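Position 1 is the first residue of the sequence; numbering continues from there. Please read all numbers here as calculations on a predicted model, not as lab measurements.
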Amino acid sequence: MSSSLRLPALAFASLSIALSIAVLACSARTLAIFNAQHTTNAWLLPIWPNHFDLTGLKTLIGTSTGIVALNAVAIVALLVPSMPASFTVLLSSVLSSILALAALILPSLLNNKAPRRDTLQTWTCAWHDKSTFSGQQPPAQFSTLCHQTRFTTFTPIPLLLLQLLLLATAAYALFQSRRLTNARAHRTGGENGEMEKPLELGDYHAQPSFDTKRTVNGSPKSGVSTSVGTVPAKGVLG
């Protein structure tokens, strides 16, 4: 990969890692809070343990971890000259784009099932600024959980865009490299063809040849034949 494309690819991969780590941290924290409090916190409905669908959070944790690993491989390939940077970045960006697309679609689909079955985002965002009929306020951390789960839901959008930009950069680098290789091979083949071109009759102005003729009385007669005519040899009788 050329140096003009290497720097943008490094920037896209680094930003993707930063966003993925943020998604991973927020999703893991939210899931840890739920696991620690869902049996004791009345606001997390301990008597209905199956009301919350945690598949979206688990998907975000898995996909963000995968994106971090794949983009780290891409950065290593960009920094180590011996590795095939363009192909490695292309492969990692394709896989990361698939993971980012899954992280974008699945949580959104699960959120649409509320209120029949809530996610932590739909539940905490619905109650973080409300109170019960008896005036009881929800836990203060509901507001934080709401903002964090919203962040993890919408961050895959720029993450997917970054992966698509990285994919386009790697694809263009491969196309450019193949075009230069084909042009170099064509030029080398043309030079070899010129070097191996056979000699033709018109490549020289005069090509001398020697022939021996006999005179009328049977004595030999020698001469030098050129493109102009036959020049008698010196010292031979005509």
Side-chain angles (χ1 to χ4, degrees), residues 9 11-41 43-77 88-128 138-139 141-170:
F12 296 148
S14 300
L15 288 174
S16 297
I17 289 178
L19 289 178
S20 298
I21 291 176
V23 172
L24 175 61
C26 291
S27 300
R29 180 180 182 275
T30 303
L31 186 60
I33 290 175
F34 176 82
N35 290 333
Q37 300 183 11
H38 77 281
T39 57
T40 57
N41 190 340
W43 285 90
L44 294 179
L45 307 179
I47 60 175
W48 290 297
N50 295 325
H51 180 72
F52 294 104
D53 192 344
L54 304 177
T55 306
L57 283 175
K58 295 176 181 179
T59 300
L60 288 169
I61 293 174
T63 54
S64 58
T65 303
I67 293 173
V68 169
L70 289 170
N71 281 268
V73 171
I75 289 178
V76 171
T88 304
V89 173
L90 180 66
L91 181 60
S92 65
S93 60
V94 168
L95 297 177
S96 297
S97 298
I98 295 174
L99 293 177
L101 191 62
L104 177 63
I105 293 176
L106 185 58
S108 300
L109 293 176
L110 295 176
N111 288 336
N112 290 330
K113 294 182 179 180
R116 182 170 54 89
R117 193 177 185 192
D118 280 292
T119 63
L120 283 182
Q121 178 186 343
T122 58
W123 182 257
T124 56
C125 291
W127 288 99
H128 77 281
Q141 62 185 357
F142 263 41
S143 178
T144 302
L145 293 177
C146 173
H147 293 304
Q148 288 183 348
T149 51
R150 279 179 175 173
F151 174 80
T152 59
T153 301
F154 294 109
T155 302
I157 297 176
L159 188 57
L160 177 60
L161 293 177
L162 286 171
Q163 291 307 304
L164 292 177
L165 288 173
L166 187 59
L167 173 61
T169 303

Residues in side-chain hydrogen bond (donor to acceptor under 3.5 Å, both in side chains) contact with [X], at least two apart in sequence or another chain:
X	result
T55	D53
Q37	N41, Q141
R29	Q148
T122	D118, T119

Query - Check against side-chain contact (heavy atoms from CB on, under 4.5 Å), L44 and F142 - result: CA-CA 10 Å; L44 294 179; F142 263 41; 4.0 Å; yes
Go through the structure and list residues passing side chain to side chain contact (heavy atoms under 4.5 Å, CB included) with [X], not counting sequence neighbours.
X	result
L45	W48, H51, F52, W123
T152	V23, C26, S27, L60, T149
A77	M83, T88
L99	T63, I67, L70

Query raised in the report: In chain order, what residues pass the ring pair (Phe, Tyr, Trp, His ring centres under 6.0 Å) check against H38, with sequence neighbours excluded?
Result: F34
pair [X]-[Y]: side-chain heavy atoms closer than 4.5 Å:
X	Y	answer
I105	L109	yes
C125	R150	yes
I75	N71	no

Report task. Please report the shortest heavy-atom distance between Q163 and S97, naming the atom on each side. Result -> CB-OG, 3.3 Å
